[in-house]
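Quick notes on the structure that follows.
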Number of protein chains: 2
Amino acid sequence: MTLKAQFDHTNCSECPIRHRAVCAHCERDELEELESIKYYRSFEAGQTIIWSGDPMNFVGSVVSGIASLTQTMEDGRTQMVGLLLPSDFVGRPGRENAPYDVVATTDLVMCCFRKKPFEDMMVTTPHIAQRLLQMTLDELDAAREWMLVLGRKTAREKIASLLSIIARRDASLHQSGQTGSIIFDLPLTREAMADYLGLTLETVSRQISALKKDKVITLESKRHITIPDMRRLMEEAGDDTDGGFLV
Amino acid sequence: MTLKAQFDHTNCSECPIRHRAVCAHCERDELEELESIKYYRSFEAGQTIIWSGDPMNFVGSVVSGIASLTQTMEDGRTQMVGLLLPSDFVGRPGRENAPYDVVATTDLVMCCFRKKPFEDMMVTTPHIAQRLLQMTLDELDAAREWMLVLGRKTAREKIASLLSIIARRDASLHQSGQTGSIIFDLPLTREAMADYLGLTLETVSRQISALKKDKVITLESKRHITIPDMRRLMEEAGDDTDGGFLV
DNA sequence: GTTTCCATTTGATTTCGGTCAAAGTACCCT
DNA sequence: AGGGTACTTTGACCGAAATCAAATGGAAAC
C-alpha cells in the first residue's frame, strides 16, 4: 500500500464536511493527537476498494466524497449495506475487517489510521471512543431502519423511502427546513439504487416512472428530482412518523 | 415503572451468560461501580416491552433469556431487526431510544441502567465504552449481514441462513466444533421466523418442508431440528465462506 | 377421554417483481 | 456531425412468494 498525504487541511477551515472525529476545524486538539498515525488517500469515482481481511489493517474515515459499502454473493448478487458520508468510518477496530467492499460513488478522499495506534488512542482519549460509539449506534439504527425497508416494503415504498432519505439529508445540508418543494440531484445510478433496495434496475426505473406519473415527484432530468410535497412522499414510503433515517 | 432486583448474582458464578458489561463473575470490579444505578427486571415470554421514546429513559442489558427487537408499520407489517441474547444492550445512550419494541421470546431478565449515570460512567471508565463499542460494531456487522439476506436471498436461502446461524450459535455454546450432525431446538415460532426473514409464515413452513424433503434437515418434532451436514446447509444458504454471522 | 386453542401444514389462486429483450437518451470523444 | 458507450426506459412474459382458505397436529384444560 502506498499512502500519500493528499488532503489540504485548509480545505477544512469552514468545516463543510462535518468530519466529526478528525476535522481540523472543530477538533483541532484531537487532530494533533492523531496526526502521527494517519494518512490521506484519494480514490476515483467508481473505484472499488477491498477493505476486508488482514492485509487491510486500517480504519478509514471519509474526508470528502461518497462511498458505499457493498456485499457480493459468489453468483454476482450484490447488496449495498451502507452509505459512507464524510465523517463516517469503515473498518473494525480491534479485529479483522468485515468482508465488505467500499465502492467510491464519487471522487473520494479517505483518512486512514493504522489500527493499533488507533485503538490505543481510543483508550487513552475516551471522548473519541465515546464519539465513535455514538456514530456506530447511529449506523446501527440506520441499518435496522433499512432492514424494515428491505424485508417488508413494496418496490414503490422502497423507492419512496430512498428518495425521502436522500431528500431529507439534502434538506438538512441546505438548511431549507420543511418549507415548499425540495430539489436535489440523485447521486446514484438506477443500478446502485437497485443494489441498495434489493430490487432490479428495471423495477427501480418502472417505479420512478410510476411516481412521476402520479405527481409524487417531478424529473427535470434523469438525475435531477423535485419533490413538491415531502409529506406525500413519506406517505408513499409508508413512514408513519418522522422517525430515524439513514445518516 | 416498578423495578425490582430479581437476579441472584450467584447464578452467574460459572458465567454461562457471557454478561460482558456487568457479569458478577468476570467483571466484578465494574459491577461494583454500576451497582448503585442499576435495577433488575423480569418479563414473561411473549411480553412486549415498549423501549422507545423519552419516558423509557433506560439502557437495558439482557441477563438471561432471549428477546427480539422488532419494528412495526402502522398497517401491521413487522420486521424483526435484531436478536437480543444475554449480554446484549438495548437503548441508545446519549439520546432518545429508537422506536423499536422489545419482545420477550423466552422468559427474560434485563438489567436496566438509568441513562445519565450510565453515560457518565462510560466517560469515567473508558474500558466500558470501549467494550460497548466492540459490541455495537458486532451488531452492526450482524445487521449488515442480514441486509444481504433480506435484500437478495430467496426464501429457501433465507431459511437456510437462519438455521445456519442458530445452529452455529448453538454449536459454539456447546463447544461441539464442526464434527458430525448438529441438533438444536428452534427458539422461534414460524411466525417469528417469518418476521425475521421478511417472509410469510406459510412460506417459512413450505420451505422447511422442502428442506426436510431434500434431506438438508431432519425434524424430530416441529421445533427440534437435526442438521446432518452443516456444509450442505451453508451451501443452501448461499454462503461462500464462513464469514460473519448474527451474534 | 374429549374439548379447546394455537401452531403448523398443505392446497388453490393471485400478484408483484424478476427476466429477457429491444428501443430510447445523454454524454463523451475524435 | 457522427459514432460509441453507458445509462435508462418500456414491453412481454414468467415465476416465486403472497394471499386466501381449509385441514392437521399437539398440548393444555376440563
Side-chain angles (χ1 to χ4, degrees), chain A residues 44-48 68 73 75-79 103-106 149-163 185-214 217-225 236 238, chain B residues 44-46 73 75-79 103 105-106 149-163 185-214 217-225 236 238:
Chain A
E44 286 172 21
Q47 203 172 344
T48 296
S68 62
M73 292 171 70
D75 62 5
R77 283 179 280 178
T78 72
Q79 175 67 49
V103 181
T105 301
T106 64
V149 173
L150 289 173
R152 290 302 185 192
K153 291 196 178 178
T154 64
R156 186 184 174 106
E157 288 170 333
K158 284 180 175 180
I159 297 289
S161 297
L162 181 58
L163 293 180
D185 282 312
L186 259 187
L188 304 169
T189 67
R190 298 287 185 265
E191 189 179 13
M193 294 175 71
D195 282 343
Y196 210 3
L197 295 165
L199 297 171
T200 59
L201 64 92
E202 294 95 328
T203 300
V204 170
S205 180
R206 269 185 253 275
Q207 296 301 333
I208 288 181
S209 299
L211 288 174
K212 185 172 63 175
K213 190 156 74 66
D214 296 345
I217 60 175
T218 314
L219 271 76
E220 322 305 337
S221 76
K222 290 179 194 311
R223 295 288 194 88
H224 200 73
I225 292 185
E236 290 285 352
Chain B
E44 285 171 21
M73 292 171 70
D75 61 5
R77 282 178 280 178
T78 72
Q79 175 67 50
V103 181
T105 301
T106 64
V149 173
L150 289 174
R152 291 300 184 194
K153 290 195 177 177
T154 65
R156 186 183 174 106
E157 288 170 334
K158 284 179 175 182
I159 297 289
S161 297
L162 181 57
L163 293 180
D185 281 311
L186 257 187
L188 304 169
T189 67
R190 299 288 185 265
E191 189 179 13
M193 294 175 73
D195 282 342
Y196 210 3
L197 296 166
L199 297 171
T200 59
L201 64 93
E202 293 95 329
T203 301
V204 170
S205 178
R206 269 184 252 275
Q207 295 302 331
I208 288 181
S209 298
L211 287 174
K212 186 173 63 176
K213 191 157 70 68
D214 296 346
I217 60 175
T218 314
L219 270 76
E220 322 306 338
S221 76
K222 289 179 193 311
R223 296 286 195 88
H224 200 74
I225 293 184
E236 290 285 351

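So that the names make sense, note that chain A is the first sequence line, chain B the second, and so on, each numbered from 1.
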Is there a donor-acceptor contact under 3.5 Å from the side chain of [X] to the main chain of [Y]?
| X | Y | value |
| --- | --- | --- |
| A/R190 | A/S205 | no |
| B/E157 | B/T154 | yes |
| B/D195 | B/L197 | no |

In whole angstrom, what separates [X]'s [atom1] from [N]'s [atom2]?
| X | N | atom1 | atom2 | answer |
| --- | --- | --- | --- | --- |
| B/R190 | D/dT24 | CZ | C1' | 14 Å |
| B/K158 | D/dA16 | NZ | C1' | 11 Å |
| A/K153 | C/dC16 | NZ | P | 18 Å |
| A/L211 | D/dT10 | CG | C1' | 16 Å |
| B/D195 | C/dT8 | CG | P | 12 Å |
| B/L186 | C/dT9 | CG | P | 10 Å |
| A/I159 | C/dC16 | CD1 | P | 16 Å |
| A/K213 | D/dT10 | NZ | C1' | 13 Å |

Base, sugar-phosphate, or nothing for B/R223, non-hydrogen atoms under 4.0 angstrom?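 Sugar-phosphate: the residue B/R223, judged by heavy atoms under 4.0 Å, touches backbone atoms but no base.
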Regarding B/S221, tell me which of base, sugar-phosphate or nothing describes its non-hydrogen contacts under 4.0 Å with the strands shown.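 Answer is nothing: B/S221 stays at 4.0 Å or more from every strand.
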Calculate, to the nearest 0.5 Å, the distance between atoms [atom1] and [atom2] belonging to [X] and [Y] respectively.
| X | Y | atom1 | atom2 | answer |
| --- | --- | --- | --- | --- |
| B/E220 | B/D185 | CD | CG | 10.0 Å |
| B/T203 | B/R156 | OG1 | CZ | 14.0 Å |
| A/T78 | A/E191 | OG1 | CD | 7.0 Å |

Of A/R152 and A/E191, whose closest DNA chain D nucleotide lies nearer the 5' terminus?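 Looking at the nearest nucleotide for each, A/E191 comes out on the 5' side.
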Taking C-beta and beyond as the side chain, do A/L162 and A/M193 meet within less than 4.5 Å on heavy atoms?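 Yes; the side chains approach each other to less than 4.5 Å.
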Quick one, which residues of residues 197-210 of chain B touch DNA chain C with a heavy atom under 4.0 Å?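 Here the set is B/L201, B/E202, B/S205, B/R206, B/S209.
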Examine the side chains of A/K153 and A/S161 and answer whether a donor and an acceptor come within less than 3.5 Å of each other.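 Yes - a donor-acceptor pair under 3.5 Å links their side chains.
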Given D/dA17, C/dA26, C/dT9, identify the nucleotide with an atom nearest to the side chain of B/L219.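 When the side chain of B/L219 is considered, C/dT9 is the closest of D/dA17, C/dA26, C/dT9.
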Looking at B/E236 and B/K158, does any basic side-chain N land under 4.0 Å from a carboxylate oxygen?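 Between B/K158 and B/E236 there is no salt bridge, as every charged N stays at least 4.0 Å from the carboxylate O atoms.
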At 10 degrees resolution, what angle do the end axes of the helix from C/dG1-D/dC30 to C/dT30-D/dA1 form when each is taken over five base pairs?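 Between the first-five-pair axis and the last-five-pair axis there is 30°.
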